[in-house]
Trainee: 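I am attaching a structure below and will ask some questions about it afterwards.
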Amino acid sequence: MTVIAFLGAGSVVFTRELLADILTFDELRGVTLALHDIDAERLETAEAIARRTADQLGAKPEITTSLDRRRVLDGADFVINAIQVGMHEATVRDFEIPARYGLRQTIADTLGIGGIFRALRTFPVLSDIAADMRELCPDAWLLNYTNPMAMNIGYLAAVAPDLKAVGLCHSVFWTVHDLCDLVGVPIDEVEYRAAGVNHQSWLLRWEHRGESLYPRLDELLAADPDLRRRVRMDMYSRLGYFPTETSEHSSEYVPWYLHHDDEIARLRIPVSDYLRISADNVTEYHETRRAVLAGEPLDVSRDATEYAPQVIHSITTGTVRRIHANVANTGLITNLPQGYAVEVPCVVDALGVRPEHVGDLPLQCAALNRSFVNVGELTVRAALTADKRMIRQAAMSDPNTAATLTVDQIWSLCDDLTAAHGNLIPEALR
């Protein structure tokens with residue numbers, strides 16, 4: 001029987017969607033679902049959701065729960081990681097303290113000050129997970145959803161290169177999905193290929209019946225001034241390739257937009273948007289808990305759009321799929337640093353997740369990716385070497401931070417965030 005461990009199962013909305021996708025597959029309706037969270041109430045809620053989802057879908061999985069991570073990892077075949085170290089309170093600190101310095105962020109979970117400190121909180125837990133997996137389920141696949149994705153996969157590649165770790169994110173799929181809607185072409189008739197780093201990959205090919213769809217997008221942009229008022233559309237028009245993450249995300253990975261009031265207005269950038277999203281997630285958790293404990297039905301109508309259920313199904317049944325995933329760069333993208341994480345097309349089947357060689361990215365795309373990777377590499381190295389100066393150097397290298405603050409302000413901000421996060425930051429880095 002296939003055993004799927006969920007770490008951070010208390011992320012109940014995400015867990016509900018993954019469970020619905022998994023149990024929709026006939027071959028996975030009898031799996032063992034081993035749920036873990038460090039919060040007893042959230043774990044109780046996750047278990048109730050799992051049982052309700054199974055009942056509504058007529059599936060009969062074995063469902064176990066534990067506050068002890070090692071118990072759910074023991075004998076697992078797949079480990080889905082969706083933890084958030086520090087939860088909403090840490091997210092608030094990642095926004096409010098930089099805002100006092102005049103530093104604007106939108107999502108703050110991938111790059112920049114927010115991404116750096118989220119990574120520093122997460123790395124110690126990832127290290128412990130990797131050690132437990134080596135002992136208790138050494139052949140399992142670690143399917144990571146936790147951000148900052150690239151930093152986390154880069155860190156795992158450094159501390160546990162033997163672990164079968166892959167980062168899964170839906171940004172490439174939904175980018176193509178929404179672009180296809182925009183130009184009026186069904187996505188299932190489209191061929192596409194993207195590569196780069198997570199949240200800043202590039203749509204290298206986007207074709208319908210052998211013909212590029214980019215000219216259709218160009219026509220729409222030329223005719224619609226309002227459509228041009230988005231960060232991704234602006235970046236595409238200047239770089240020639242479409243970035244595969246939302247405009248909100250994309251705005252904080254470059255130095256061009258958030259530092260300027262007129263650019264924020266021109267491109268309708270929602271500053272500090274993730275504070276609202278994070279607060280909404282907390283509200284949705286409480287509403288979901290109320291509904292499931294009240295016996296109300298859950299929405300389990302899904303089209304298996306998340307990658308983890310598809311990866312599990314392909315590996316267990318041999319069904320061949322192609323996805324985009326995050327892995328260590330072992331010569332896959334030749335003009336990005338080796339060893340750090342890249343997002344590339346992958347084939348998934350009974351042999352596992354097998355990344356495809358991409359070669360060189362277009363030079364302008366690689367140039368942006370390298371400034372993105374610089375921040376992550378320095379953050380990973382800071383954690384590996386316990387070098388506190390390197391945290392500050394990572395922040396100095398960040399495009400948005402460097403465009404906004406002086407070097408003294410950057411160092412002072414890092415001091416303030418380190419103190420504010422307290423024990424969530426490794427002692428050697430405080």
Side-chain angles (χ1 to χ4, degrees), residues 14 80-84 105-112 114-116 118-119 122-123 126 141-158 165-177 192-204 231-232 235 239 241-254 274 305-308 310-311 322-330 332-333 335-346 348 353 355-356 358 361 365-380 394 398-400:
F14 186 58
I80 297 176
N81 182 45
I83 63 172
Q84 183 184 350
Q105 302 177 97
T106 49
I107 307 297
D109 70 349
T110 299
L111 209 65
I116 291 168
R118 183 179 284 236
T122 305
F123 287 166
L126 286 182
W141 283 89
L142 175 59
L143 308 179
N144 181 69
Y145 277 100
T146 295
N147 284 318
M149 178 67 75
M151 292 192 206
N152 288 339
I153 295 298
Y155 178 78
L156 285 169
V166 59
L168 302 178
C169 176
H170 54 222
S171 61
V172 173
F173 171 82
W174 284 112
T175 293
V176 176
H177 176 279
Y192 63 93
R193 180 177 175 86
V197 290
N198 181 240
H199 288 181
Q200 199 184 64
S201 284
W202 310 96
L203 192 54
L204 303 177
V231 167
R232 284 204 290 179
M235 290 177 65
L239 297 169
Y241 294 91
F242 204 82
T244 62
E245 190 42 90
T246 65
S247 290
E248 290 78 10
H249 274 279
S250 295
S251 66
E252 63 183 358
Y253 307 150
V254 295
Y274 194 70
T305 55
E306 285 294 346
Y307 278 153
Q310 297 177 54
V311 168
R322 292 185 78 253
I323 65 171
H324 288 77
N326 297 273
V327 295
N329 189 17
T330 55
L332 301 169
I333 298 181
N335 55 353
L336 291 184
Q338 301 300 293
Y340 194 69
V342 289
E343 190 166 61
V344 295
C346 298
V348 192
V353 180
E356 296 181 345
V358 173
L361 293 176
C365 298
L368 255 66
N369 282 168
R370 283 193 290 265
S371 66
F372 188 114
V373 169
N374 289 339
V375 182
E377 284 194 308
L378 283 164
T379 304
V380 170
D398 176 64
N400 180 46

Trainee: Filter on salt bridge (charged side-chain N to carboxylate O under 4.0 Å, His left out), then keep only pairs touching residues 148-157, sequence neighbours left out; what's left?
Mentor: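 Of all non-adjacent pairs touching residues 148-157, none passes salt bridge (charged side-chain N to carboxylate O under 4.0 Å, His left out).
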Trainee: How would you list, by chain and number, every residue that makes a salt bridge (charged side-chain N to carboxylate O under 4.0 Å, His left out) with E248, sequence neighbours excluded?
Mentor: R230
Trainee: Is the backbone N or O of A194 less than 3.5 Å from a side-chain atom of H324, with the two atoms forming a donor-acceptor pair by type?
Mentor: yes
Trainee: Taking atom CD of E306 and atom CD1 of I323, what is their separation to the nearest 0.5 Å?
Mentor: 11.0 Å
Trainee: Show your reasoning for whether side-chain contact (heavy atoms from CB on, under 4.5 Å) applies to L142 and L156.
Mentor: CA-CA 10 Å; L142 175 59; L156 285 169; 3.8 Å; yes
Trainee: Taking side chain to side chain donor-acceptor pair (under 3.5 Å) as the definition, give me every residue that meets it alongside W141, ordered by chain and number, with sequence neighbours left out.
Mentor: none
Trainee: For P399 and L111, which heavy atoms make the closest approach, and how far apart are they?
Mentor: CD-CD2, 4.4 Å
Trainee: Quick one: side chain to side chain donor-acceptor pair (under 3.5 Å) partners of E252, sequence neighbours excluded?
Mentor: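 Per chain and number, E252 pairs via side chain to side chain donor-acceptor pair (under 3.5 Å) with T106.
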Trainee: Listed by chain and number, what are the ring-ring contact (aromatic ring centres under 6.0 Å, His included) partners of Y340, not counting sequence neighbours?
Mentor: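 Testing Y340 for ring-ring contact (aromatic ring centres under 6.0 Å, His included), a comparison that skips the adjacent residues, returns none.
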Trainee: Just do the side chain to side chain donor-acceptor pair (under 3.5 Å) check on E245 and S250 with the steps written out, would you?
Mentor: CA-CA 6 Å; E245 190 42 90; S250 295; over 6 Å; no
Trainee: Please round to the nearest 0.5 Å and tell me the distance separating atom CD1 of I83 and atom CG of L126.
Mentor: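 Here the rounded value is 5.5 Å.
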Trainee: Rounded at 0.5 Å granularity, tell me how far CZ in F173 sits from CG in L168.
Mentor: 14.0 Å
Trainee: Return the CG to OG1 distance between N152 and T110, rounded to the nearest 0.5 Å.
Mentor: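 The OG1 atom of T110 is 10.0 Å from CG of N152, to the nearest 0.5 Å.
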Trainee: Could you state the interatomic distance from SG (C169) to CD1 (I153), rounded to the nearest 0.5 Å?
Mentor: 11.0 Å
Trainee: Specify the closest pair of heavy atoms between Q105 and G114, including all atoms of both residues, with the distance to one decimal.
Mentor: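 Minimum heavy-atom contact is OE1-N, 3.0 Å.
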Trainee: Go through the side-chain N and O atoms of T244 and R232 and say whether any donor and acceptor fall under 3.5 Å apart.
Mentor: no
Trainee: What residues form a side chain to side chain contact (heavy atoms under 4.5 Å, CB included) with A119, not counting sequence neighbours?
Mentor: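 If we apply the side chain to side chain contact (heavy atoms under 4.5 Å, CB included) test to A119, skipping adjacent residues, the hits are F123, P148, M151, T379.
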Trainee: Got a sec, which residues hit salt bridge (charged side-chain N to carboxylate O under 4.0 Å, His left out) with R193, two or more places apart in sequence or on another chain?
Mentor: E356
Trainee: Run the side chain to side chain donor-acceptor pair (under 3.5 Å) test on H170 and Y307 for me, step by step, so that the C-alpha distance in whole Å, both residues' side-chain angles and the decisive distance to 0.1 Å come before the verdict.
Mentor: CA-CA 7 Å; H170 54 222; Y307 278 153; over 6 Å; no
Trainee: OG/S201 to CZ/F372 distance, rounded to the nearest 0.5 angstrom?
Mentor: 8.5 Å
Trainee: Would N147 and N198 count as a side-chain contact (heavy atoms from CB on, under 4.5 Å) here? Give the steps.
Mentor: CA-CA 10 Å; N147 284 318; N198 181 240; 4.1 Å; yes
Trainee: Determine whether L368 and W202 make a side-chain contact, defined as any pair of heavy atoms from C-beta on separated by less than 4.5 Å.
Mentor: yes
Trainee: Applying side chain to side chain contact (heavy atoms under 4.5 Å, CB included), can you list everything that pairs with A366, at least two apart in sequence or on another chain?
Mentor: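 Scan of A366 (side chain to side chain contact (heavy atoms under 4.5 Å, CB included), adjacent residues dropped) gives N335, L336, L361, R370.
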Trainee: Listed by chain and number, what are the ring-ring contact (aromatic ring centres under 6.0 Å, His included) partners of F14, not counting sequence neighbours?
Mentor: Y145
Trainee: Identify, with sequence neighbours excluded, every residue that meets side chain to side chain donor-acceptor pair (under 3.5 Å) alongside N81.
Mentor: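 Partners of N81 by the side chain to side chain donor-acceptor pair (under 3.5 Å) criterion, ordered by chain and then number, come out as N144, T146.
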Trainee: How would you list, by chain and number, every residue that makes a ring-ring contact (aromatic ring centres under 6.0 Å, His included) with Y274, sequence neighbours excluded?
Mentor: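 Checked Y274 against ring-ring contact (aromatic ring centres under 6.0 Å, His included); zero matches.
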Trainee: Who are the side chain to side chain donor-acceptor pair (under 3.5 Å) partners of H177, not counting sequence neighbours?
Mentor: none
Trainee: Take Q200 and N369 through the test side chain to side chain donor-acceptor pair (under 3.5 Å) and record every step on the way to the result.
Mentor: CA-CA 7 Å; Q200 199 184 64; N369 282 168; 2.9 Å; yes
